Visitor: 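After the structure tokens below, expect a handful of questions from me.
To find a chain, count down the sequence lines: A is the first, B the second, and so on, and within it residues start at 1. It should be emphasised that the depicted structure is a prediction, and the values quoted were computed from it without experimental measurement.
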Protein chains: 2
Amino acid sequence: MSRREQIIDVAQRLLEAEGPESLTMRRLADELGIQAPSLYKHVSGKPEIEAALQQRALRRLAEALARTSDLATLAAVYRRWALAHPRLYELSTRQPLARDRLEPGVETEAAAALLRLTAGDLPTARAIWGMAHGLVDLELAGRFPPGADLDAVWERAVATFATASATRARHASGVGGRTGPGAPGGRASG
Amino acid sequence: MSRREQIIDVAQRLLEAEGPESLTMRRLADELGIQAPSLYKHVSGKPEIEAALQQRALRRLAEALARTSDLATLAAVYRRWALAHPRLYELSTRQPLARDRLEPGVETEAAAALLRLTAGDLPTARAIWGMAHGLVDLELAGRFPPGADLDAVWERAVATFATASATRARHASGVGGRTGPGAPGGRASG
DNA sequence: CTCTCGCGGCTAACGCCGTTAGCCTCTATT
DNA sequence: AATAGAGGCTAACGGCGTTAGCCGCGAGAG
């Protein structure tokens, strides 16, 4: 295992265990038994470390999502993943700047899964993506009141899109709307 | 105008014009023609300033939302507000810690408006809130591909909930589901 | 076997950050 | 006229990411 990988490993452990304020170069170096400036022999700086963490996180999420075959499962996987790795989710979501560094292939996988489940209806796919992201974000931020039944909220959210799709499909026999597949799809994640 | 208000004003201008990385105590002091430590004669620290900014932002948003009478308008108002004040929106959304300092009344206004428009259906209200928040968040983060027609996405998102509500209302004549109003409603904002 | 070169550590330091301690001046009140 | 406090000031602390420059040690070349 390269030293660089060690650094990213420790960074991930630190982030997940103690939160973003503990992920500092000095602390990271301490954890590795070296001095902070030595980190720069292996890594260009903190942004690169954060990008690498996003990279890892995204890959695992995308793989999980690509295996889903219905909307409810997809939503559940997305939510469960975010709740299981809240700091990584936050990092991925709060720092779109670093996404220049991400290999582009990873992000489209999840989007492709979603697009497949909505029969290529881009606006709907994006609306669902937004909803899933927003619900998770609010949940992680503790924005919902303590007693709120969030399972019910997700259920309702997914059901709404499911029934609406069915309704739309029933109404739109013959010539469809302007909902055909267009560009390769929105980037996923976050 | 009290010195404290002056500080918050400058902070808001600075945040909106130059972004969060420019909102530092020293810069703030410079802008006011004083030294950084002097700020502490009027304000307990940076968190208080950020809380005050959130407070202002939330109040204006809540007032705008409280005046809406249909879902599409509510969504449009929410989105327009966020796009008009992206930094303030980010600040309000990224720092739920500071919400201890917020007067509780402000946040419930918007939630009340949303709850009113969904006939007291809490899960639906929360799903819509999550969706609006998520879509705005992704849009601000530049997560959608360049050519994406986001107006269409919002239209689809709102339409989906509108038709689903209609469908549900039609199906649920007689005994309703478990969707009656419960707690005073989720806190709004974000 | 020796010489060299570079990997991977080190210390010192810079400029930023939020914040505290302690001083002083000026104004308004008693 | 005396006094208290509001509101400035400077100096400083500990932390942050990062850069500059030094050095030992081990591997590979001659």
Visitor: Does a salt bridge link B:Asp151 with B:Arg79, judged by any charged N lying under 4.0 Å from a carboxylate O?
Guide: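 Counted as a salt bridge, because a side-chain N and a carboxylate O are separated by less than 4.0 Å.
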Visitor: Let me know the distance between CD1 of B:Ile34 and P of D:dT10, rounded to the nearest Å.
Guide: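 About 12 Å, once rounded to whole Å.
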Visitor: Can you tell me the distance, in whole Å, between the NZ atom of B:Lys46 and the P atom of C:dT19?
Guide: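 My rounded result for the distance is 8 Å.
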Visitor: Please determine whether any donor N or O and acceptor N or O are separated by less than 3.5 Å between the side chain of B:Lys41 and the base of D:dG8.
Guide: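 It does, because a donor-acceptor pair links the side chain of B:Lys41 to the base of D:dG8 below 3.5 Å.
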Visitor: May I ask you to say what A:Leu32 touches in the nucleic acid, namely base, sugar-phosphate or nothing, with a heavy-atom cut-off under 4.0 Å?
Guide: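 Here A:Leu32 touches no strand at all.
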Visitor: Could you label the plane-to-plane angle of the A:Tyr89 and A:Tyr78 rings as parallel, tilted or perpendicular, counting under 30° as parallel and over 60° as perpendicular?
Guide: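 The rings of A:Tyr89 and A:Tyr78 stand perpendicular, inter-plane angle above 60°.
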Visitor: What integer distance in Å separates A:Tyr40:OH from C:dC14:P?
Guide: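 Rounded to the whole Å, the gap is 17 Å.
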Visitor: Does C:dC7 have its OP1 or OP2 closer than 4.0 Å to a side-chain nitrogen or oxygen of A:His42?
Guide: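 For C:dC7, neither OP1 nor OP2 has a side-chain N or O of A:His42 closer than 4.0 Å.
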Visitor: Output, in order, the C-alpha distance, side-chain angles, deciding distance and verdict of salt bridge (charged side-chain N to carboxylate O under 4.0 Å, His left out) for A:Glu63 and A:Arg59.
Guide: CA-CA 6 Å; A:Glu63 282 166 0; A:Arg59 167 147 302 290; 3.6 Å; yes
Visitor: Between A:Trp129 and B:Phe144, what is the ring plane arrangement, given parallel below 30°, perpendicular above 60°, and tilted in between?
Guide: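 Taking B:Phe144 first and then A:Trp129, their aromatic rings stand perpendicular (interplane angle over 60°).
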Visitor: From CD1 of A:Ile49 over to P of D:dC16, roughly how many Å is that when rounded to an integer?
Guide: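 Distance check: A:Ile49 CD1 to D:dC16 P gives 14 Å.
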Visitor: Could a donor-acceptor pair under 3.5 angstrom be found where the side chain of A:Arg26 meets the base of D:dG17?
Guide: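 Answer yes: a donor N or O sits under 3.5 Å from an acceptor.
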Visitor: Rounded to whole Å, please give me the gap between CG in B:Leu39 and P in D:dA6.
Guide: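 So the CG-P distance, B:Leu39 to D:dA6, works out to 17 Å.
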Visitor: Does the pair B:Arg156 and A:Asp121 meet the rule for a salt bridge (charged side-chain N to carboxylate O under 4.0 Å, His left out), with working shown?
Guide: CA-CA 10 Å; B:Arg156 168 59 46 81; A:Asp121 181 352; 2.6 Å; yes
Visitor: Choose from C:dT20, D:dA20, C:dG9 the nucleotide whose nearest atom is closest to any side-chain atom of B:Pro37.
Guide: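 For B:Pro37, the side-chain atoms sit closest to C:dT20.
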Visitor: Does D:dG7 have OP1 or OP2 under 4.0 Å away from a side-chain N or O of B:Ser38?
Guide: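 For D:dG7, OP1/OP2 do not have a side-chain N/O of B:Ser38 under 4.0 Å.
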Visitor: In whole Å, I'd like the distance from the CD atom of B:Gln35 to the P atom of C:dC17.
Guide: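 B:Gln35 atom CD is separated from C:dC17 atom P by 13 Å.
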Visitor: B:Met25 CE to D:dG14 P: how many Å, rounded?
Guide: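 Those two atoms, CE and P, are 20 Å apart.
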Visitor: Roughly how many Å is it from CD in A:Glu48 to C1' in D:dT18, rounded to a whole number?
Guide: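 Interatomic distance, CD of A:Glu48 to C1' of D:dT18: 14 Å.
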